[in-house]
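Read the structure below first, then the notes.
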Amino acid sequence: MRYTRGSTAIKRIFLSHTINSETPAYGGKKQVELERTSDMAKGDTANNTRLSMSLHTGTHLDMPLHFFADGQDISSYGADFWFFEKPLFVSVEPAGYVINDELLGILDTIADKGYDCIIVRTGFDRSDEKTADKNFGFHESVADYIRKKYRSVRLFGMDTLSVSSFQDRMEGRKAHRAFLNPESPLILLEDMKLDDPDIYKISRLIILPLRVDQGDGLPCTVVGETA
């Protein structure tokens, strides 16, 4: 659906998945529990549902607190932080489970135009149970490259379940620490929904995190605007 801002037509796209009992978690596990604790079909006055899951389930943010005991959590960031006016969307064909040179080669060709976030589409299929524990991840060197070249970037997003490939968890831990370093954190946005062909036209990104005190991870709703 398209909306208008003045005379400009705007399309808004959800870039986050809905959560249900089939939502895959890191390693291909399914950890979401939905329990109907009150049910009108059984004569109760209203419907009520209890949700149990990790904070690192579905489309979610990794906060520095995830890998650093003194790292930032949601209380460190004001509302303005979650509005991104210069997003850069790129698509990469992974050469292996850990993405590195194939992404850096693309970024080498893209000059810094004040981008404030980088979103990478890998084509990972989260719905295929055969590959759910074979997600792509990213090499730790990607974080340093971004900091040096794109100085305004404060968030790195992806359609794969985690910045850590389940097939190389050691490198994944290094990547988490490299991105989430509290001295200059690049917040991670994992398990995004990037299947809409119009994502490359997005000019504004809005992230609405679940505000959990001391949350090392934050499930969130993500919306992109095209103009």
Side-chain angles (χ1 to χ4, degrees), residues 1-18 24 58-62 80-128 131 135-139 141-165 175 179 186-209 218-227:
M1 183 176 294
R2 289 190 177 274
Y3 302 87
T4 59
R5 180 185 294 149
S7 60
T8 303
I10 297 171
K11 178 182 178 181
R12 294 192 174 102
I13 306 169
F14 277 119
L15 303 180
S16 49
H17 295 281
T18 57
T59 306
H60 68 277
L61 297 157
D62 276 4
D80 289 344
F81 181 88
W82 305 109
F83 290 76
F84 297 85
E85 308 296 339
K86 292 284 288 185
L88 171 61
F89 285 77
V90 299
S91 179
V92 66
E93 294 186 9
Y97 287 121
V98 179
I99 297 168
N100 189 14
D101 290 342
E102 59 269 45
L103 174 59
L104 300 187
I106 294 171
L107 296 179
D108 277 343
T109 68
I110 302 174
D112 184 13
K113 297 181 179 180
Y115 297 114
D116 49 16
C117 66
I118 295 176
I119 309 298
V120 180
R121 184 184 185 279
T122 70
F124 176 72
D125 184 1
R126 75 199 296 267
S127 67
D128 188 346
T131 61
N135 67 292
F136 303 119
F138 293 84
H139 195 272
S141 63
V142 174
D144 290 335
Y145 179 98
I146 290 173
R147 283 193 186 92
K148 291 175 181 177
K149 181 169 183 177
Y150 302 102
R151 296 184 178 275
S152 296
V153 167
R154 58 184 191 269
L155 178 137
F156 182 74
M158 68 211 74
D159 58 357
T160 184
L161 295 177
S162 172
V163 75
S164 170
S165 170
F179 277 95
L186 293 171
I187 303 300
L188 293 169
L189 177 54
E190 300 174 330
D191 195 16
M192 296 181 71
K193 185 177 185 293
L194 300 178
D195 55 353
D196 192 302
D198 284 339
I199 61 171
Y200 305 103
K201 300 177 183 177
I202 289 174
S203 58
R204 191 174 192 232
L205 191 73
I206 302 166
I207 301 173
L208 302 173
L218 301 171
C220 58
T221 296
V222 184
V223 177
E225 290 185 352
T226 72

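Nothing fancy with the numbering, it's 1 onward along the sequence.
Heavy-atom contacts from other residues, nucleotides or ligands closer than 6.0 Å to OH of Tyr200 number more than 12.
Side-chain atoms of Leu103 and Val90, non-hydrogen and from C-beta on, do get closer than 4.5 Å to each other. Counting only heavy atoms from C-beta outward, the side chains of Ile110 and Tyr115 approach each other to under 4.5 Å. Within the 4.5 Å cutoff, no side-chain heavy atoms of Phe156 are placed close to those of Ile119. Using a 4.5 Å heavy-atom threshold, the side chains of Met158 and Val163 count as touching. You'll find the side chain of Leu15 reaches within 4.5 Å of the side chain of Ile13, heavy atoms only. Annotation: side chain of Met192 is in contact with side chain of Val222 (closest heavy-atom distance under 4.5 Å).
Ser203 OG to Lys86 NZ: the interatomic distance, rounded to the nearest 0.5 Å, is 9.5 Å. Atom CG of Leu205 and atom CD1 of Ile199 lie 11.0 Å apart (nearest 0.5 Å). Rounding to the nearest 0.5 Å gives a distance of 6.0 Å between OH of Tyr150 and CG of Leu88. In this structure, CZ on Phe84 lies 12.0 Å from OG on Ser152, to the nearest 0.5 angstrom. Once rounded to the nearest 0.5 Å, the distance linking CD1 of Ile106 with CD1 of Ile118 reads 11.5 Å.
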Practice prompt. Start with the C-alpha gap between Leu104 and Val142, add the side-chain angles, then the distance that decides, and say whether side-chain contact (heavy atoms from CB on, under 4.5 Å) holds.
Written response: CA-CA 7 Å; Leu104 300 187; Val142 174; 4.2 Å; yes

Item to complete: Carefully, step by step, assess Leu189 and Thr59 under the rule side-chain contact (heavy atoms from CB on, under 4.5 Å).
Response: CA-CA 7 Å; Leu189 177 54; Thr59 306; 4.0 Å; yes

Practice prompt. Report the C-alpha separation of His17 and Asp191 in whole Å, then their side-chain angles, then the decisive distance to 0.1 Å, and conclude whether the side-chain contact (heavy atoms from CB on, under 4.5 Å) test is met.
Written response: CA-CA 8 Å; His17 295 281; Asp191 195 16; 3.6 Å; yes

Worksheet item: Going through the checks in order, is the side-chain contact (heavy atoms from CB on, under 4.5 Å) test met by Leu186 and Arg147?
Response: CA-CA 8 Å; Leu186 293 171; Arg147 283 193 186 92; 4.0 Å; yes

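Between the side chains of Thr122 and Asp159, at least one donor N or O lies within less than 3.5 Å of an accepting N or O. No side-chain donor from either of Tyr145 and Asn100 sits under 3.5 Å from a side-chain acceptor of the other.
Here Arg151 does not pair with Asp112 in a salt bridge; the nearest charged N to carboxylate O distance is not below 4.0 Å. Residues Lys149 and Asp144 are not paired through a salt bridge, judged by the lack of any N-O separation under 4.0 Å between the basic side chain and the carboxylate. Salt-bridge formation is not detected for the pair Arg126/Asp128: no Lys NZ or Arg NE/NH1/NH2 atom is positioned less than 4.0 Å from an Asp or Glu carboxylate oxygen.
Side-chain atoms of Thr160 come within 3.5 Å of backbone N or O of Phe136 as a donor-acceptor pair. The backbone N or O of Ser164 sits less than 3.5 Å from a side-chain atom of Asn135, completing a donor-acceptor pair.
Closest of all the heavy-atom pairs between Lys11 and Asp198 is NZ-OD2, 2.8 Å. Shortest non-hydrogen contact noted between Ile206 and Glu225 is CD1-OE2, 4.0 Å. The minimum heavy-atom distance linking Val223 with Arg12 is given by the pair CG1-CB, 4.1 Å. In plain terms, the two heavy atoms of Arg204 and Phe83 that are nearest each other are NH2-CD2, 3.5 Å. Of all non-hydrogen atoms in Ala95 and Glu102, the two that sit nearest each other are N-OE2, 2.9 Å. Nearest heavy-atom pair, Thr221 versus Ser16, reported as atom, atom and distance to 0.1 Å: CA-OG, 3.5 Å.
Residue Val153 forms a side chain to side chain contact (heavy atoms under 4.5 Å, CB included) with just one option from Ile187, Ile146, Asp116, and that option is Ile146.
Cation-pi geometry between Arg154 and Phe81 is met: the NZ or CZ atom falls under 6.0 Å from the ring centre, inside 45° of the normal.
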